[in-house]
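Counting starts at 1 for both ligands and their atoms, in listed order. This is a predicted model, so every value here is computed, not measured.
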Amino acid sequence: MSIFALDEDIGKLTVNGSCAIIDSEDDGFDQEISGDLWHKNLLSNDPRPESSSSQLAVPSMSPLNISRGRRRSSVYDKMSVVTPPNTRRLQMPPSEYTGPESVCSLSTLKKHGPRDLEDFRPIRVLGRGAYGKVLLVKDFHTTRLYAMKQLKKAEILIHEEPTVSSTQEDALEKRLERTFAEKTILSELEHPHIVKLFYTFHDHHRLYLILQFIPGGELFYHLKEQGVLDEDTVAFYAAEISSAIKFLHQKGIVYRDLKPENCLLDERGHLVLTDFGLSKKSAGEASRSGETSPEAGEPVEKLFSIIGTPEYCAPEILEGKPYTQNCDWYSLGCLVYDMLAGKPPYTGANHKVILNKILKDKSPKIPTFSSEGMKDFLGSLLKKDVTKRWDVDKLWAVDGPKPKKKKAGQAKTTSFQSHFVFRKINWSKLESGELQKTTNGPIMPIITDWELAENFDSEFTGMRLDSAGCIDIKQEIKPEHAHLFQGFSYVASSSYLERHF
Ligand SMILES: Nc1ncnc2c1ncn2[C@@H]1O[C@H](COP(=O)(O)OP(=O)(O)OP(=O)(O)O)[C@@H](O)[C@H]1O
């Protein structure tokens with residue numbers, strides 16, 4: 001779980017000038033799979049997605065090749081599960097929360113129509129977050145594999161202690177807003193390095209997002225295996241992430257949760273961003289339409305919520321200052337640093353220690369073995385003072401030095417894209433998605449059978465798929481809360497589904 005203080009206004013969290021942080025420790029968690037007995041185990045001879053023989057090769061990209069313990073930044077025990085309180089009914093603005101419940105014809109109903117839990121057979125657990133689990137599932141009708149993200153309604157509705165200036169209703173409204181935002185934002189995006197959302201639906205207890213299954217596992221997992229990565233590999237991932245972040249910013253979306261756990265590798269070793277639970281879309285008219293973009297470099301919106309994973313969180317967020325989309329570029333700096341050094345720039349035993357270091361320590365020491373170009377790149381992204389930090393969205397839009405002889409079809413470069421660290425990156429192929437389709441990334445995940453989810457942590461894949469005791473009686477949803485989730489169901493357009501089938 002990535003939230004260390006849940007969307008609280010700074011004022012509520014600032015006590016005597018220092019931020020109050022919700023410290024957390026991982027704990028054990030239930031071993032049963034959630035959901036009713038919905039697996040029918042009917043299909044055995046399903047076609048599997050293609051995998052090339054080269055996928056078995058796993059080059060060691062680590063210069064030091066050290067394997068080290070990595071602590072997951074997730075927080076599972078954010079709050080205890082109790083009976084939902086008598087939460088006041090909230091009236092959500094319908095425009096914010098409604099999506100097309102169905103957009104398809106009867107003839108393609110099962111392939112393109114609304115879906116429900118009965119359509120999917122659970123195969124194994126892929127991961128777990130604050131509000132539920134992510135499972136690998138198989139569509140009974142098409143035999144396709146998907147990642148099903150489940151969110152427990154009761155955990156979203158749960159009682160939270162009010163802070164100085166927030167009420168329970170405020171906190172609930174924020175959680176509902178974030179829950180719907182993930183669906184709304186993902187349903188509007190199509191980018192080679194952003195996970196695809198195909199369907200959402202809900203039942204009495206849970207919300208379900210049916211996502212493209214990204215089989216290569218988390219970057220977190222590969223970093224754990226490899227220790228550190230060489231500069232070319234780091235630059236490759238940095239370029240793919242930058243392309244996704246720039247695309248989001250153009251659509252008026254701030255991602256706010258960049259970390260190795262949210263970067264997945266596809267079957268060819270290309271990076272795909274997942275988990276849009278903390279993303280925020282601008283309230284601006286231009287970006288709401290999704291058709292036009294705010295001017296490059298223009299703040300999407302001044303944001304105030306303390307949100308994100310502390311290790312990768314920009315100082316201006318932690319200081320309680322208004323912040324903009326630029327916070328994502330600082331997080332990219334932290335992630336690049338992490339890939340090179342084996343740990344993020346500021347670490348500590350708990351969130352408070354980390355936060356103090358980010359706010360008070362000098363700029364982080366960039367690994368001495370880094371090239372001058374990498375030092376410059378990291379130094380420019382990791383500037384604590386946002387006014388001195390690279391404004392990548394602006395740099396992206398500005399033409400950089402033009403090559404002397406421009407070949408036909410050659411893309412324009414910019415001062416960000418033409419930086420030394422990206423000298424081996426073919427940006428036009430990367431941004432069009434061609435690179436992803438035609439070449440392999442620097443780390444090829446081992447995939448012998450997609451259903452084995454070999455690149456996911458055995459902590460999750462080893463969990464029992466068991467329907468017993470799936471819903472705690474204390475998690476019953478009160479009838480008066482049912483309407484809060486109306487409008488969650490969604491089906492991607494037929495053309496979108498066709499393009500990605
Ligand atoms: N599309 C996907 N394909 C493969 N695995 C996925 C996919 N989406 C999520 N996962 C796995 O499930 C994990 C948890 O997913 P996600 O981060 O979306 O959940 P979350 O509840 O928002 O987590 P958190 O509370 O930590 O933010 C991921 O880190 C990843 O390992």
Could you check H270 against F236 for ring pair (Phe, Tyr, Trp, His ring centres under 6.0 Å), going step by step and ending with a plain yes or no? CA-CA 9 Å; H270 291 271; F236 178 88; 5.4 Å; yes
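Remark: among candidates L211, I214, L151, D257, the nearest residue to atom 3 (N) of ligand 1 is I214, based on non-hydrogen atoms. With F456, F460, F213 as candidates, the residue nearest to atom 5 (N) of ligand 1 on a non-hydrogen basis is F456.
Heavy-atom contacts of A147 reach the following atoms of ligand 1: 1 (N), 2 (C), 3 (N), 7 (C) (cutoff under 4.0 Å). For ligand 1, the atoms closer than 4.0 angstrom to any heavy atom of Q212 are 1 (N), 2 (C), 3 (N). Ligand 1 places these atoms under 4.0 Å from at least one heavy atom of L126: 4 (C), 5 (N), 31 (O). When each atom of ligand 1 is checked for a heavy atom of V195 under 4.0 Å away, the hits are 1 (N). Proximity to L264 (heavy-atom distance under 4.0 Å) selects the following atoms of ligand 1: 2 (C), 3 (N), 4 (C), 5 (N), 6 (C), 7 (C), 30 (C). Close approach of ligand 1 to N262 is summarised as follows: ligand atoms under 4.0 Å from at least one heavy atom of the residue are 17 (O). Near K149, meaning under 4.0 Å from one of its heavy atoms, ligand 1 places the atoms 16 (P), 18 (O), 19 (O), 20 (P), 21 (O), 22 (O).
Checked for salt-bridge contact, E177 and K280 meet the test: a charged N lies under 4.0 Å from a carboxylate O. Ionic pairing of E451 and K138 is present here: one or more N-O contacts between side-chain nitrogen and carboxylate oxygen are shorter than 4.0 angstrom. Using a 4.0 Å cut-off between charged side-chain N and carboxylate O, D338 and K259 make no salt bridge.
Minimum heavy-atom separation, V272 to V195: CG1-N, 3.4 Å. Here the closest heavy-atom approach between residue D203 and residue K153 is recorded as O-NZ, 2.6 Å.
Within the structure, the salt bridge (charged side-chain N to carboxylate O under 4.0 Å, His left out) test picks out the following pairs touching residues 210-221 (sequence neighbours left out): R72-E218.
Remark: ligand 1 and D275 share an N or O pair separated by less than 3.5 Å (distance only, no angle test).
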